[in-house]
Each structure stands twice: as C-alpha cells, then as structure tokens.
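Remember, it's 1-based here, ligands and their atoms both numbered in the order they're listed.
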Amino acid sequence: MSVRVVIGAQFGDEAKGKISDELAATARYVVRTSGGPNAGHTIHPPGGKVVLHQLSAGVLRPETVGISGPGMVIEPFKLRTEIEELERQGFLRGSFYLSDRAHVILPLHEIQDGWEDDLRARKNPGAGLGTTRRGIGPAYADRTARFGLRLGELARPDLVAERLGLLYETKRHLPDLPSMEKLKGRLLEVGQYLAPHIRAVEPILWTAIERGEGIVLEGAQSALLDLDFGTYPYVTSSHPTSAGALIGSGLPPQVIDEVIGVAKGYATRVGTGPFPTEVQGEAGERLQRLGGEFGATTGRPRRCGWLDLVLLRYAARLNGFTSLALTKVDVLAGLTEVPICVEYRLADGSRLYDRPPTAAEEFQSVTPVYETLPGWPEFTDRLRERLAHEGAPALPRELRGFIEYVAHASGIPVQFVAYGPDRGATVRLDRRAGGRSLRSGLVPWSH
Ligand code: GDP
Ligand code: IMO
Ligand code: MG
C-alpha cells in the first residue's frame, strides 16, 4: 500500500476533496495536513453532498480513518458543528482522530483576521487580501510566536487560563473581544466534547507505514497560495505544498510514493491577487455558471480564467508532482476552442515559461500568451454511461488531445480525469499515457 499526497496545483478549489475521496477507497488513513476552516472540500457520496472544512475525506467511508493533522489550525466550535451536522446527515461513517499538536483558532483570531484585512484595505484599497476571515493567519502567527494553544492542551484548565491571559495581553488593540472567563469555560467544554478523538497521530501513521497500510495526505489550499512560494502577500499562512504535507503530518520524505497535483481544466481564484489568465465578460461568466464557481466556505463568487501552464509547470517543480488529476473537464465541454496559456510575456519583451515573477505587482502585469485547442462535445448521459463502463477510452477524441497536450507541456502524466462532481465520475488513465512515467518525473520541467 502506498502513501499518496494530494496537492492543489492552482489557487485552491481544484476538487482536492473529490480526488482524496476517490483515493480513500484504497487507503486506511486520510490526513488533512494544513489550513483549517478556510478550506471547503466538496464531496458527493451516493445520496448527498458534503462540504468538509476541518475533517478529512476519510470520515466518509466506514473502512477509513479521517485525521485532522498536526499542521492544521482548528476552530473547535465550528468543528463541533461540522461533526454534528455530518452525523445528522448520516455521512459520518469512518472514525476520526484530531492531532493533539494542531493549534486552536480562537474568536480573538477571527476578530484579528478581519481587523487586519480591513486595515490593509484602508491603507490601500487594492491591498486587502480578501481572506476567509476564519482567523487562519493570526492563529498561525501566534503558533510561530509561541503564544498558541494546542488541541491537546484543552484538557488542562491551568494552561488554557495562562495562554488566554497572554493572548488577551497581546491583542488589547482589538475591538469587541469576548469575555476571557466565558471563553475559557466554552473552551474547556468543547475540549471535553472533542477529547475522545484527540491524540498523537504521527505514531499511528508510522505504524501504518510499517504495516503497509495506505495513507492519503489531503492537502488544502494550493501551491500558489503557499506562504513563501505563492503570490505573496496574497497567500494563506501555511505551506500547502508537498513539503508542507510532510511537516503537517509528521511523515518523512522517503515514504511518499506519489504526489498528485490537482488542476481544473481551467482556473479559478477567490480573494485578491495576481491571476493573469482571468477572463471577464461572457466567457468568464460561462465558466462561473457551468462550474458552479462560488466559494464552498464563504459563498464568494470565484474569479474564473483559462488553464495556465506556466503556473502548472511551476507547481510541478515545487511539489515534485508524479502525476496530475485534471478535473471539471465537463465544464469546458461545448466550447469550439479551449485556450491554454503557454507562456508569459513581460513588459521588457522577455518571456517566462515555467515560473511566475516573484513580486506580485510584476506577476499581475505579465501578458499571457495562449494557444487554442479544439473543444470537445457535451457530456451527455450516454457518454457518462460509456465512461462508467469503458473508462478512459470513451473520452471524446478532442478531450484526449487536450489531456495529452497538458501532459506533454507540463511533463507530468495525467492519471485521473474528473468529469462530474459525483463519486465515480472520474476515469483513471494508464500512468504512462502522456508526460513521463511516475518516477522518471524527476525533471518534469525539461522538454
Ligand atoms: P477543493 O477545495 O479543492 O476540494 O474543491 P471545492 O470543493 O472547493 O470545489 C470544487 C467544486 O467542483 C465542488 O463544487 C465539486 O463538487 C465540484 N466538482 C469536483 N469535480 C468536478 C468535476 O469533475 N466536474 C464538475 N462539474 N464539478 C466538479
Ligand atoms: P480549499 O482547500 C480557495 C484564499 C482566500 C484568500 C487567501 C488567504 O478549499 O482549496 P486565508 O483565510 O487562508 O488567510 O485567506 O487564500 N483561500 C482559499 N481559496 N480555496 C481554499 O481552500 C482557500 N483557503 C484560503 O480566499 O485569498
Ligand atoms: Mg474548496
């Protein structure tokens, strides 16, 4: 059994939840490795739709264990609501563990998140990040500053009181902070509720590897939102890369068998920041409408645009993708031509092929150069039936051309193609189809 890492290759919402759910069918553990309630991972198991925020896809299958890992920041009250809602819907079928090392997001962090983003926007209207206002950045900042409270510490009233005391001292400038005493009481109570699930998870994963049990590391956010390698400062405050998945799970690098980059056949972004292939007008609205491109967490409309191979090549190098999952190809169906960005042209006439400029301002002003590929027909019921029975060979010819193009241009073979939100609406390609084989993908950017 293998250890497979699922990483967002664009700006988030690539359908990492759906792909992790498919992989979960042959795994024992599914581990969320970073972020917190800023994530919204939509999964359509038979009989319904689930949006997971702080639990991993492993909780949906009776044979799997969902783990919320050490690299996460967890808002315990929202987590309780998520658990209760899943139970009510009858979808909480696997068991779940919560890492005792994960940090706690407090109401103070949410207030700070909103206050800080408003401050940025007041100083410069274009500079607000458009965060999810879930307290992610401030909670990670307190973790780094060593003021943070960890999930495992909720069982110790003395420690909770001490940390809260410190945190309130550092946040006196914030408006409308809740009463510290009341918050302490609520934290101890929710800590008791979560206690049966809180434990050291990394020894469980190490043992699983020794036993040969399958593990999926379910990344949240995406490579382009990485704190260091994303479009800083328009990023999240964690490391949603394959390197971050190791830190966020406690697994060492040599146990990783596959790193699967998830990319839509087009691109979306929520919040502000560079997005060279964004398209306005009818074409953008069409993607938004057909793709249902509204945030799974905040409900905000997602900005839409075309697939960007420069960023895909960059994400491939950064994460060491061994294969790609290309999702939502049904949304592009019916177009006569499908544009793909193949390189950037800069103001001085130079070109960039496999990485964006480091500075967000420069990134914002590149000119994308497009090639267009022939479009493919709509996904009729008959085509869906054929795909379910015959698999990849039933994919329309033009779509196979698109897949081959993406594989060759990125140097990464396409392993999965998703053509609908439902579980099962995914075909698996021969791993050697397109690009290089999994392990020889060591230099995916050379061509
Ligand atoms: P994640 O954050 O990466 O897990 O992705 P989200 O759940 O935020 O967004 C993906 C959206 O696309 C969800 O509404 C999914 O149900 C939907 N979806 C996933 N795969 C497909 C697909 O292949 N086709 C279509 N049409 N929708 C999909
Ligand atoms: P999933 O896992 C899309 C974006 C926010 C904002 C920036 C910083 O569902 O793909 P934060 O609240 O993290 O400080 O916000 O990052 N963002 C996401 N965009 N999908 C996500 O998660 C995101 N998580 C954060 O919109 O621009
Ligand atoms: Mg999402």
Is there a polar contact between ligand 1 and [X], counting only N or O atoms under 3.5 Å apart?
{"X": "Gly17", "result": "yes"}
{"X": "Lys18", "result": "no"}
{"X": "Val329", "result": "no"}

Give the single entry among Leu129, Ile136, Val235 that approaches atom 8 (C) of ligand 2 most closely by any heavy atom.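 Looking at heavy atoms only, Val235 sits closest to atom 8 (C) of ligand 2.
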
So is Arg134 in contact with ligand 2, going by heavy-atom distances below 4.0 Å?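 No, Arg134 has no heavy atom closer than 4.0 Å to ligand 2.
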
Backbone or side chain, does any N or O of Leu225 fall under 3.5 Å from an N or O of ligand 2?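 Among all N and O atoms of Leu225, none is under 3.5 Å from an N or O of ligand 2.
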
Donor on one side chain, acceptor on other, Thr42 and Lys49, under 3.5 Å: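 The criterion, which ignores hydrogens and geometry beyond distance, is not satisfied for Lys49 and Thr42.
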
For Ala418, atoms of ligand 1 separated by under 4.0 Å from a heavy atom: 23 (O)

In Asp13, which N, O or S atom comes closest to the Mg ion (ligand 3)?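 Nearest N/O/S atom of Asp13: OD1.
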
Check this for me, if you would: do Glu116 and Arg133 make a salt bridge, where the nitrogen-to-carboxylate-oxygen distance has to be below 4.0 angstrom? no

Within the stated cut-off of 2.8 Å, is an N/O/S atom of Gly17 closer than that to the Mg ion (ligand 3)? no

Nearest to atom 20 (N) of ligand 2, what protein heavy atom do you find, and at what distance? Asp13 OD1, 3.1 Å

Atom 15 (O) of ligand 2 has as its nearest protein heavy atom Thr131 CA, 3.4 Å

